[in-house]
Enquirer: 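Got a structure here, written out as structure tokens. Questions coming.
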Amino acid sequence: MASSTPQPPPSAAVFAVNGQRFELRGGDDPGATLLDFIRTRTRFTGPKLGCGEGGCGACVVLLSTYDAAADQVSHAAVSSCLTLVHGLHHCAVTTTEGLGNSRDGLHAVHARFAGFHASQCGFCTPGMCMSLAAALAGAEGKGSGPPPREGFSRLTSADAERAVVGNLCRCTGYRPIADACKSFAADVDLEDLGLNSFWKKGDAHVDKLPPYKEGSIGAFPEFLKAEIRASLRIDKCMSATVMAGSESSWHRPRSVEEYYRLIASDSVDGSGTKVVAGNTSSGVYREAEVYDRYIDLRDIPELNSVSKDSEGVQIGAATSISRVIEILRREGDDCKDVIFGKIADHMEKVSSHYVRNTATLGGNLVMAQRDEFPSDIATILLAAGSSVCIQVSSGKLNVTLDEFLEMPPCDYKTLLLSISVPHCTPDNVSSSAGAVNMTGDKTESSLLFETYRAALRPLGNAVAYLNCAFFAQISSDESSGSLILEKLNLAFGAFGTRHAIRGRDVEKYLVGKPISASVLLEACTVLKKSIVPKEGTTHSAYRSSLAVAFLFTFLYPMTKRNVKPARSARLNGHAASDTNGNPNCPPSADIDLSLKETNSVKSGLHNNDHILESCKQIVEISKDYLPVGIPAKKVGAELQASGEAVYVDDIPSPEGCLYGAFVYSTKPLAHVNSIELDPSLEQLKTVAVITVKDIPKGGGNFGANTIFGPEPLFGDPLTQCAGEPLGIVVKLNSQYYFYMETQTALAIPDEDNCMVVYSSSQCPEAAQNNIATCLGLPCHNVRVITRRVGGGFGGKAVRSLPVAAACALAAFKLRRPVRMYLDRKTDMIMTGGRHPMKICYSIGFKSDGKVTGLHVDLFINAGMTMDISPIIPHNFIEALKKYNWGTFSYDAKICKTNISTRSAMRGPGEVQGSYVAEAIIEHVASVLSTDANLVRQRNIHTVESLALFHSECLENALGYTLPSICNQLTASANYQYRSEIIQTFNKTSQWKKRGLSFVPIVHKVLSRPTPGKVSILNDGSIVVEVGGIELGQGLWTKVKQMAAFGLGQLWADRSQDLLERVRVIQADTLSVVQGGWTTGSTTSECSCEAVRLACNIMVDRLKSLKEQLQEKHGKVSWDGLISQAKMAGVDLSAREYYIPGASGSYLNYGAAASEAEIDLLTGATTVLRSDLIYDCGQSLNPAVDMGQVEGAFVQGIGYFMSEEYVTNTDGLVVSDGTWTYKIPTVDTIPKQFNVELRNSGFHKKRVLSSKASGEPPLLLAASVHCATRDAIAAARKELHCCGSGPSSPSFFELEVPAIMPVVKELCGLDNVEKYLETLVGSK
């Protein structure tokens, strides 16, 4: 009998990763995520663990499924940190390595990311690449008609930008990432794309881009297709509910009945079983409980079915949110439905695309019902009159969504089967954004439906402060001509309530009444009594005011009769609804587009398909020191994109490796009696708990040690703050700076009492010293290696030391390798952040705004230990001195408090000092009732005053470029003209105001001693070692260019191109000593100078030999010279230690003009435009420096506008993850973003006349904050806004960050009511 290839049992989970077959059995951990599996069971390390919450995109992969009946493959981006690997039966997974690699060939996605300079630290880049790849594959799969032009895709440029909306990047500022994505768009003008390595400006052509062909992403393995076809035949004969084996822990029921038989069996109990579909709830609720069994609902047909009838559409509860969006769009395409398209648009602002692709509609509603999740979907479906079908033990129940939400919390015995969304297709459909053209000669009944949300990010991936949706049926009264509400559904959610609610008291009040200003005013009063956040809700008054604002937005046009029955309303090609218009409906000829009154009240985002309107980069390329000065690609960018770049957590775990996690205090000033583990953690196979008692004899309780003193590794016997480490739990199984890579270390015991530690650190030498002190070892027994760091910004300096020390201590104690990788929450709680401050000042000035004297009292909150806090007063004052204050004095105090230690963060002290200078200037301007920018100009330094305030940095008139930068910026940015335009806009716009501000900076930096070592190997390749660490700032790139220049000086004609022969290698504390600290913006240039000096030594050694060879042979090549040098016994390795000397300090200059628009109803701020000019000296690499400037500026926008750092009463950080701490995203950067690098190569004493670029531009982001203040000032002049009136003070404090509640409060939380009172009073 012929044998056949044995097939795996039909219950096994079989899937592919990058074309390789994998199979899971019953003994595998059912709770393992796809990210866990990829990083521990495969050789691929591209997907990164950035948050574990589905909130950052670092772990995004492409998930492909095959429909055998249709012979069709579907693709979707998914968050691998949330996706359970057991649920991937018959799926194919593609990571960034599956697209291509450096050995076999990079994919166009990789090459374009690198070529557009879209990768800096690179930790987020693989996820970015896969989000784009998924969008490309998805567009291809949905495409129809002729193929796109060669080299392009079916994506539009707007779609390409949105492909990475949910992905976080802390380094680049997003602009180059958007450009890399848009390079694939069929409708893009390549000349509009920014600085890149493919072409020079004016010479763009698709042929110069790495080629892209359709079909190159996500090929589904043929073997898996065959298995799927075979399984379909088997499935007809049997029902497989569990994986093989009696002890199986993953169940896949095929029917509702089978599900209930399963939960009734002895093998399943409620406490140890988890019911899942998409499992995205694990990103919201970080469960400590470990589950024995999982029940996957996605194989139940009833939960995946979609049907429609005359009443509406019924959608299975296990349907993904992304598919629901497609279903509703398809149903609403003919524009006969008011609701469907707008629900779909709103759903696109729920989380991010890679979460929506697996998150289910039913799961979202169950979280809202059971867990009080602030769901947008529950709110909008509630307003739409939706109902649900649920299964309970007694049978099926059909209940309204309102009734479902009010039920007791669901458990696993209640199954949500489907959701019904009713049709809304009357003969006449209108939109509240439509215009009035009412004749009033007959009664008409029309429908309105709008949805709203107020959140820190316009395009989603942020929980709303409040969401709401309103449905109304209106008619026109023939006698009065008024509009009357016949029916009204008002739904509100996310405001600090158990679940979404109907505003029934308001509905009852409004129905049947003609809508007037007085009626609306009373409705607002009734509403505020209904929308009452529960105790402890943050910004509760703001949330209540939002409810009033959105109701006003919805109903106010009716008071003006600004609603006309129509099939659809579209304005200028865009949907006329607030934030969720249906983009699929054609324009209506019935709409009056002169919506002056309605537009003035519209609360929402700019109706622009494109996230970014325009961006410009201006650089000057110097050829004096080639290849230094050219905008070369960042070293390793391709490896970062393709997932081949190795970070500490990518290093394979040695055999027997253990995994450590910190135990920290949740209370300050608490006595530590003992550390006991929760019994629920028994399955984690704990090996040991390491505490202060385990520090070896001769060692010490040292977590960090700086020139200002030590700090303890563990709190003992009294904790100093909440978040202080108490010990380490060591386990067998793996588990705001807001760098993408959290703190991590790997410690490996070595022979002779030695320890090798791989640390993600900005200061490996300090880590070496600290570990040696902690363990009581000599430094030569401790070797610390750092190859690259996934973002640092100062947080991987001192704050990385306790992690490395703790990891080394555990490894030393247990004599086994130990790995630590802090989860995002622990990292944010323990690591601290930028220094909080209290500043008091007294200032004298003349009537023309000239300041005559300033005194500042500065109080700095250092936290529980010293860290680097003693340098903060100096940094603060140096940045404050950017203006001529006349007589100047200050008093600074560093305060020890019981909060986690504050440490250096990009521009430590300088950011605060520069901002305070602007606040003082604006205070003076407000007192004088004059333009703040005039006050700035009157107090900018002259060369003479600059010498007085910065005597240690001698500057001549040629080098002091700030005045010319300011003049150029105001001219190039059309500052005066834009100011006049803004004044006109503010006079005519009721509910939006704009502001414009101009901010200069003077930023002092200090160069520090740095080592450099250059070695030439046998084949002529060059190895370079430096003390500086590659953090994403392009240090390796600049060093590589400098080495090629330094050694290339042997040939006066520059005939030898050595750039690609140079390799910069990792920092090793036993190879290059005195490595120092990679901080302060100058490490790149200092490392370059150390390498240049080392190259000079090498050139001196080789010069005479080269001359001899030239005399003999004429022309001499590099290879020939090195070959002869070897035989002649020339030392081909040189080390130099660069000491800056007297010229180590110098000043950096720049200026920024920013324009911001605020929404008076929500407090939302949109950065319309930012123009920057930064003096970069003679840039060592303009592409790298441009990336530093843009990235620093956008990081500054986060600090000034969105990154709310919240602690509880014990000082414990509660904004401890991506759900609560919001860094900028691609949809929050300036719509127009223009940057020019000024090339002022005047100072030959600096490193090839270059200047620093890492930190100073961050200070320029204060221009956005000041522009927001300017807009608020314009708003406060309105009679209905807060602080209005002749007796009100013109000066007000705008907090940092200026988040939406802060802005709204300054504009008046009751501005709607005041406005309506004005209207009512005038009548």
Side-chain angles (χ1 to χ4, degrees), residues 368 372-376 378-380 382-383 405 450-456 462-470 488-510 517-556 578-579 601-604 991 1158-1165 1204 1206 1220 1272 1275-1276 1278 1280-1284 1295 1298-1318:
E372 301 186 13
F373 177 67
S375 167
D376 279 66
T379 304
I380 57 180
L382 181 61
L405 294 173
E450 299 292 350
T451 74
Y452 307 87
R453 74 191 312 267
L456 281 171
V463 173
Y465 289 107
L466 176 137
N467 55 50
C468 55
F470 306 144
L488 187 62
N489 290 357
L490 305 176
F492 302 88
F495 61 86
T497 179
R498 190 169 72 83
H499 55 70
I501 64 168
R502 287 274 298 276
R504 297 192 185 277
D505 290 344
V506 191
E507 294 170 1
K508 183 178 179 181
Y509 170 76
L510 286 170
S518 59
V519 168
L520 186 50
L521 176 59
E522 182 59 28
C524 291
T525 302
V526 174
L527 179 60
K528 290 187 79 169
K529 295 177 181 177
S530 303
I531 306 301
V532 181
K534 62 185 177 183
E535 187 177 352
T537 301
T538 59
H539 311 297
S540 56
Y542 166 69
R543 295 172 192 261
S544 297
S545 77
L546 284 173
V548 171
F550 287 138
L551 182 66
F552 173 74
T553 302
F554 182 67
L555 293 179
Y556 180 71
D578 177 70
T579 58
V601 87
K602 290 303 293 178
S603 173
W991 296 104
I1158 63 169
D1159 186 324
L1160 277 62
L1161 295 174
T1162 66
T1165 301
E1204 188 180 18
V1206 183
T1220 50
I1272 294 171
R1276 288 162 66 93
E1278 300 284 349
H1280 57 279
C1281 283
C1282 178
S1284 60
E1295 294 178 19
I1299 55 174
M1300 295 169 69
V1302 170
V1303 174
K1304 168 73 172 178
E1305 185 170 355
L1306 287 171
C1307 295
L1309 293 177
D1310 58 351
N1311 55 11
V1312 166
E1313 296 95 311
K1314 285 188 174 181
Y1315 176 72
L1316 291 172
E1317 287 169 0
T1318 302

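For this chain, numbers begin at 1 and follow the sequence in order.
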Enquirer: Could you grab the distance from atom CG of Leu490 to atom CZ of Arg504, nearest 0.5 Å is fine?
Expert: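 With rounding to 0.5 Å, CG (Leu490) is 10.0 Å from CZ (Arg504).
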
Enquirer: The criterion is side-chain contact (heavy atoms from CB on, under 4.5 Å); which residues satisfy it with Ala462, sequence neighbours excluded?
Expert: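 In terms of side-chain contact (heavy atoms from CB on, under 4.5 Å), with neighbours along the sequence ignored, Ala462 is linked to Ala455, Arg457, Lys1222.
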
Enquirer: Just jot down the ring pair (Phe, Tyr, Trp, His ring centres under 6.0 Å) partners of Phe470, sequence neighbours excluded, or say none.
Expert: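 Phe470 satisfies ring pair (Phe, Tyr, Trp, His ring centres under 6.0 Å) with Tyr452, Phe492, Phe554 only.
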
Enquirer: Taking only residues two or more places apart in sequence, or in another chain, which ones meet Ser518 in a side-chain hydrogen bond (donor to acceptor under 3.5 Å, both in side chains)?
Expert: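 With neighbours one apart ignored, the set is Ser516.
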
Enquirer: Could Arg453 and Asp376 be called an ion pair, given the rule that one side-chain N must be under 4.0 Å from one carboxylate O?
Expert: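 Here Arg453 pairs with Asp376 in a salt bridge, since their nearest N and O are under 4.0 Å apart.
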
Enquirer: Determine which pairs satisfy salt bridge (Lys or Arg N to Asp or Glu O under 4.0 Å) with at least one residue from residues 532-556, sequence neighbours left out, and list them in order.
Expert: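 The answer is Glu372-Lys534.
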
Enquirer: As an exercise, state the distance from CD1 of Ile531 to OG1 of Thr497, rounded to the nearest 0.5 Å.
Expert: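 Ile531 CD1 to Thr497 OG1: 7.5 Å, rounded to 0.5 Å.
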
Enquirer: Hey, which of Thr1162, Thr1165, Leu546 is the one that makes side chain to side chain contact (heavy atoms under 4.5 Å, CB included) with Met1300?
Expert: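 Running side chain to side chain contact (heavy atoms under 4.5 Å, CB included) over Thr1162, Thr1165, Leu546 with Met1300 returns exactly one hit, Thr1162.
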
Enquirer: Please find the pair of heavy atoms, one from Asn489 and one from Arg502, that lie closest to each other, and give the distance.
Expert: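 Scanning both residues completely, I find the closest heavy atoms to be OD1-NH2, 3.1 Å.
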
Enquirer: So which heavy atom on Val1303 is nearest to which on Gly1163, and how close?
Expert: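 Taking every non-hydrogen atom into account, CB-O, 3.5 Å.
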
Enquirer: Considering all heavy atoms of both residues, which atom of Leu1306 and which atom of Arg1276 are nearest to each other, and what is their separation?
Expert: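 Where Leu1306 meets Arg1276 most closely, the heavy atoms are O-NH1, 3.0 Å.
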
Enquirer: Give a yes or no on whether the backbone of Leu1160 and the side-chain of Asn1311 come within a donor-acceptor separation of less than 3.5 Å.
Expert: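 A pair under 3.5 Å: yes.
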
Enquirer: Could you pull out all residues at least two apart from Arg498 that satisfy side-chain hydrogen bond (donor to acceptor under 3.5 Å, both in side chains)?
Expert: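 Arg498 satisfies side-chain hydrogen bond (donor to acceptor under 3.5 Å, both in side chains) with no other residue.
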
Enquirer: Mind checking side-chain hydrogen bond (donor to acceptor under 3.5 Å, both in side chains) for Glu522 and listing every partner two or more places apart, or none if nothing turns up?
Expert: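 By the side-chain hydrogen bond (donor to acceptor under 3.5 Å, both in side chains) rule, Glu522 matches no residue at all.
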
Enquirer: Test of understanding: with salt bridge (Lys or Arg N to Asp or Glu O under 4.0 Å), list the residues that count as partners of Glu1204, not counting sequence neighbours.
Expert: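 Partners of Glu1204 under the salt bridge (Lys or Arg N to Asp or Glu O under 4.0 Å) test: none.
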
Enquirer: Do Tyr556 and Trp991 have ring centroids that are under 6.0 Å from one another?
Expert: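 No, too far apart.
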
Enquirer: My understanding is that only residues two or more places apart in sequence, or in another chain, count here; which of them pass side-chain hydrogen bond (donor to acceptor under 3.5 Å, both in side chains) with Ser375?
Expert: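 With sequence neighbours excluded, Ser375 shows a side-chain hydrogen bond (donor to acceptor under 3.5 Å, both in side chains) to Asn364, given in chain and number order.
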
